[in-house]
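Below is one structure, written out as structure tokens; the observations come after it.
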Amino acid sequence: QVQLVESGGGLVQAGASLRLSCAASGRTSSIYAMAWIRQAPGKEREFVAAISWSGDSTYYAEPVKGRFTISRDNAKNTVFLQMNSLKAEDTAVYYCAASITPCLGYGCYALAEDYGMDYWGKGTLVTVSS
């Protein structure tokens, strides 16, 4: 089992920055990749970004490319999502998720069922006021 705990959400104005964190615990040795998935009010979940557990590969959804950066701290088993130039349409609950499936590539996450993720955190709310 893998446990994921997100933090860092909050209320910010459009144009501001925010950094989300996700701490992984449990059988972290089984993790192949981690991702951020978001769900806006009244909408379906949406892939945001993913990173291989080694940190060598990253993948982004088009709406966040150039504004968001996913990264990880190997020593702390923590994944981050740096969000810059936030827009009102970025308002959502952001979920951290982990995959134990050996698959790398945009299609393994953005286009897969449940975004290719096996474990999910409870989410953290990001609200961007315009």
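Val93 and Leu86 fall into different hydrophobic clusters, where Ile, Leu, Val, Met, Phe, Trp and Tyr are joined by side-chain heavy atoms under 4.5 Å apart, directly or via other members. At a threshold of 4.5 Å between side-chain heavy atoms, the hydrophobic network of Ile, Leu, Val, Met, Phe, Trp and Tyr places Val48 and Ile37 in two separate groups. One hydrophobic cluster, built from ILVMFWY side chains closer than 4.5 Å, holds both Ile51 and Ile100. Both Tyr32 and Tyr115 are assigned to one and the same hydrophobic cluster, defined by single-linkage of ILVMFWY side chains at heavy-atom distances under 4.5 Å.
Not counting sequence neighbours, the partners of Gln1 by the side-chain contact (heavy atoms from CB on, under 4.5 Å) test are Gln3, Tyr119. Applying the side-chain contact (heavy atoms from CB on, under 4.5 Å) rule to Ala23 yields the partners Thr78; only residues at least two apart in sequence or on another chain are considered. Under the side-chain contact (heavy atoms from CB on, under 4.5 Å) criterion, Gln82 pairs with Ser17, Arg19, Thr69, Asn84, sequence neighbours left out. Under the rule for a ring pair (Phe, Tyr, Trp, His ring centres under 6.0 Å), the partners of Phe47 that lie at least two apart in sequence or sit in another chain are Tyr106.
Counting heavy atoms from C-beta on, the side chains of Arg67 and Lys87 come closer than 4.5 Å. Between Trp36 and Cys96 there is a side-chain heavy-atom pair separated by less than 4.5 Å. A 4.5 Å side-chain heavy-atom check between Gln39 and Tyr94 finds every atom pair outside the cut-off. Inter-residue side-chain proximity for Arg38 and Tyr95 is flagged as unmet; no heavy-atom pair is nearer than 4.5 Å. Between Phe68 and Asp90 there is a side-chain heavy-atom pair separated by less than 4.5 Å. Considering only heavy atoms from C-beta on, Ser30 comes within 4.5 Å of Val2 through its side chain. Counting heavy atoms from C-beta on, the side chains of Leu4 and Met34 come closer than 4.5 Å.
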Show every donor-acceptor pair shorter than 3.5 Å between a side-chain atom in residues 122-130 and any protein atom, with sequence neighbours excluded, or say none if there are none.
{"residue": "Thr124", "atom": "OG1", "partner": "Gly9", "partner atom": "N", "Å": "3.2"}
{"residue": "Ser129", "atom": "OG", "partner": "Val12", "partner atom": "O", "Å": "3.4"}

Could you give the side-chain donor-acceptor pairs of residues 59-66 under 3.5 Å, partners two or more places apart or in another chain?
{"residue": "Tyr59", "atom": "OH", "partner": "Gly105", "partner atom": "N", "Å": "3.2"}
{"residue": "Tyr60", "atom": "OH", "partner": "Ile70", "partner atom": "N", "Å": "2.8"}
{"residue": "Glu62", "atom": "OE2", "partner": "Lys65", "partner atom": "NZ", "Å": "3.0"}

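From Ile31, atom CD1 reaches atom CG of Asn77 across 7.0 Å, with rounding to the nearest 0.5 Å. Between atom CZ of residue Phe80 and atom OG of residue Ser71 there is a gap of 6.0 Å, rounded to the nearest 0.5 Å. For the atom pair CG (Leu104) and OG (Ser52), the distance works out to 5.5 Å, reported to the nearest 0.5 Å.
In this structure, the side chain of Asp73 engages the main chain of Lys76 through a donor-acceptor pair within 3.5 Å. With hydrogens and angles ignored, the 3.5 Å screen pairs a side-chain donor or acceptor of Ser54 with a backbone N or O of Asp56.
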